[in-house]
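Taking it in order: structure first as structure tokens, then the write-up.
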Amino acid sequence: MADQPAHRAAVVEFEHVTKRYDAPVKRRGGTSTKTPGAVNDLSLKVPAGKICVLVGPSGCGKTTSLKMVNRIIEPTSGRILIDGVDAATRDITELRRSIGYVIQQVGLFPHQTIADNVATVPRLLGWNADRLRARADELLALVGLEPGTYRDRFPSQLSGGERQRVGVARALAADPPIMLMDEPFGAVDPIVRDRLQNEFLRLQEELAKTILFVTHDIDEAIKMGDLVAVLQVGGVLAQFGTPAEILSNPASEFVARFVGDDRGLKRLALDRVGDLELVQVPLARPGDDAADARRRAHADPFRYLLLVDDANRPLGWVDEEDIPASGTLDEALANPVSPIVNRRTTLKDALSMMLDADVQAAIVVDRTGACQGVMTVDRVARLMREGEHGRMYGVFGDED
Amino acid sequence: MEDKPLVDWAWIGDHLDDVVVRLFQHLQLTAIPVALGFVISLGLAIWAIRRPIVYGPTTAITGLLYTIPSIAAFAFLRPIFGLSLLTAIIPLTTYTLLILFRSNVSGFQSVPADVLEAAEGMGYTRRERLRRVELPLAIPLMITGIRLASVTTVGLATVAAILGDSFGGLGQFITEGLQTFFPTKIYLGAVLSVALAFSLDILFVRIELWATPWARARAEQTA
Ligand SMILES: Nc1ncnc2c1ncn2[C@@H]1O[C@H](COP(=O)(O)OP(=O)(O)O)[C@@H](O)[C@H]1O
Ligand SMILES: [Mg+2]
């Protein structure tokens, strides 16, 4: 496939990777056994610049898989290739310094200031003091922490959410092409988690790192992943694909159960208004001929006109019945507009707005506020049905 | 005898230079064993955290050394090293090992696992990790061990009086006082020992505060 490695991102590929831990204790019989695999013949390829989420129940080998990339754990068999080079052949220290690493407990160095924590890898790489200071400030600002306030504090003086941000900043410090993130937002409350997730996604739009992200939370996986690898206990890959694919076509009973009965609803949080085929309704402007407008409204199944201004910005709906038989259209005829959404609004948010307003349709506008069409509940239902019948999404996001 | 006061202040006033010399000797009898013991047990502790199998035997051996009576040890070593400092330093050093080995190991064990994992994952070499992460974070428990070892050694070192005038320390006052029925010397030796132990304890508390600014930051935070 046509890989277009983003700036300073790398392709990470698992090739038949298996990990078995030695059994920690010998059984009474005296036979030393290997435990069943923690990771079993895992093969998957993460394209440069994408977020691949490893998700699955506790103990399914997510952390083990992640730690084999920076060789905190060595595979029993198989290879992990980074831009085609077997990680096992690289100098272990150099390899680790080229990979950002974020863990749930954060693991900030309690005895170092925030600035020193952030500058850890650059310091190991031998940068000079001025450059270290500048880089630490730059990264703190990047993750939304005012450098002047935070740089000289110690980790114990920060809140959980602030520590997680510092953890992310520290992992980004040497601008690594790859980031490994093991439940990075797992230790903070749901509101902070949501904010950190959103901020991180925004950051990733600029950074375009190749990211392996571990979580046990399917909602987080769907939200964060360009690609999602669902693992089941025993370290077996149950399904690998885009979030939409996994929600629409679970590959097995296990995946279907893991994503939950509400996978239709989950897709609503994933799909955006731009994915819908919009309904086109008749448009009219104030001053248009009323008789003509009435005819057009009558011809439309909707029986409504959308009154717009000169720039096509919606002014309001006009009911066919309210249109005078003659004369011209007047802005006073328009009923207040129902929810206005844009192509980036998720279907979940759009539907919620429609329910709140107690209407069946929402107006979709572009960046300038000009009307592009109307979304209806019916069109949403149609999209969901297509999914069920196997609409394919490009695994590597070629459609974007 | 009857007319002698309990403490002969005049005698003390006349012998202040002796007091200084004995105090200095005693400090030497404490500082050298504690310093040597710390270095040896630090090496043993690093070995033991790398190879946990080392921990049990080392604890057993240092425990065994601790049980050797000090008088017996001095008596045994005197024919070999004579009335030299070594005769006192060797047993006093071995007595510190039990405390210091355990406190050093506890110090290393107190470093949080997530911190070690983060350090490993970010590409610290073992040496760098030991120097920049493990040692600094082990300081509080290591210093607790040093405080205990110092106080204990100040007490034990009074027995080194058998080394005589050149190295005897404060124990010399006590021994002489007992031999000459001169209580002032006994009190002087005992009180100065306690004062020395107390001062060393305070000194190390200060050193710990100075060496761990991050712990102070946390304390201020919670205060
Ligand atoms: N150091 C270890 N020694 C033995 N077994 C281990 C070790 N680490 C993990 N395991 C086992 O390997 C399996 C996968 O663990 P892990 O990768 O941590 O799972 P996850 O991160 O998905 O919860 C589990 O069954 C776990 O008990
Ligand atoms: Mg895990």
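In the text below, chain A, chain B and the rest are named by the order of the sequence lines, each starting its count at 1.
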Check side-chain contact (heavy atoms from CB on, under 4.5 Å) between A:Glu183 and all other residues, then give those that pass, not counting sequence neighbours. A:Lys62, A:Gln104, A:Val214, A:His216

B:Ala119 versus chain A, heavy atoms under 4.5 Å apart: side chain, backbone, both or neither? both

Heavy-atom pair of closest approach, residues B:Asp114 and A:Ile103: O-CD1, 3.6 Å

Please flag which part of A:Leu108 lies under 4.5 Å from any non-hydrogen atom of chain B: side chain, backbone, both or neither. backbone

Heavy-atom count check: over 12 atoms from other residues, nucleotides or ligands less than 6.0 Å from B:Arg129 CZ? yes

Counting a contact as any heavy-atom pair under 4.5 Å apart, which residues of residues 130-154 of chain B contact chain A? B:Arg132, B:Val133, B:Pro136, B:Leu137

What parts of residues 82-112 of chain B touch chain A if we use heavy atoms and a cut-off under 4.5 Å? none

Between A:Arg97 and B:Glu128, does at least one N-O distance fall below 4.0 Å, as a salt bridge requires? yes

Can you name the closest pair of heavy atoms from B:Ala118 and A:Arg170 and give their distance? CB-NH2, 3.5 Å

Applying a strict 4.5 Å limit to non-hydrogen atoms, the region of A:Glu94 in contact with chain B is neither

Does B:Leu16 CG have over 12 foreign heavy atoms under 6.0 Å away? yes

How about CZ on B:Arg50, more than 12 heavy atoms from neighbouring residues, nucleotides or ligands closer than 6.0 Å, or not? yes

Residues two or more places apart in sequence or in another chain: which of them pass side-chain hydrogen bond (donor to acceptor under 3.5 Å, both in side chains) with A:Tyr150? A:Glu162

Does one side chain, of B:Glu120 or A:Tyr101, offer a donor that lies under 3.5 Å from an acceptor on the other? no

Any chance you could measure B:Tyr124, atom OH, to A:Thr120, atom OG1, to the nearest 0.5 Å? 4.5 Å

Tell me, side chain or backbone of A:Val106 under 4.5 Å from chain B's heavy atoms, or both, or neither? backbone

Interatomic distance, CE@B:Met122 vs CZ@A:Phe109, rounded to 0.5 Å, equals 3.5 Å

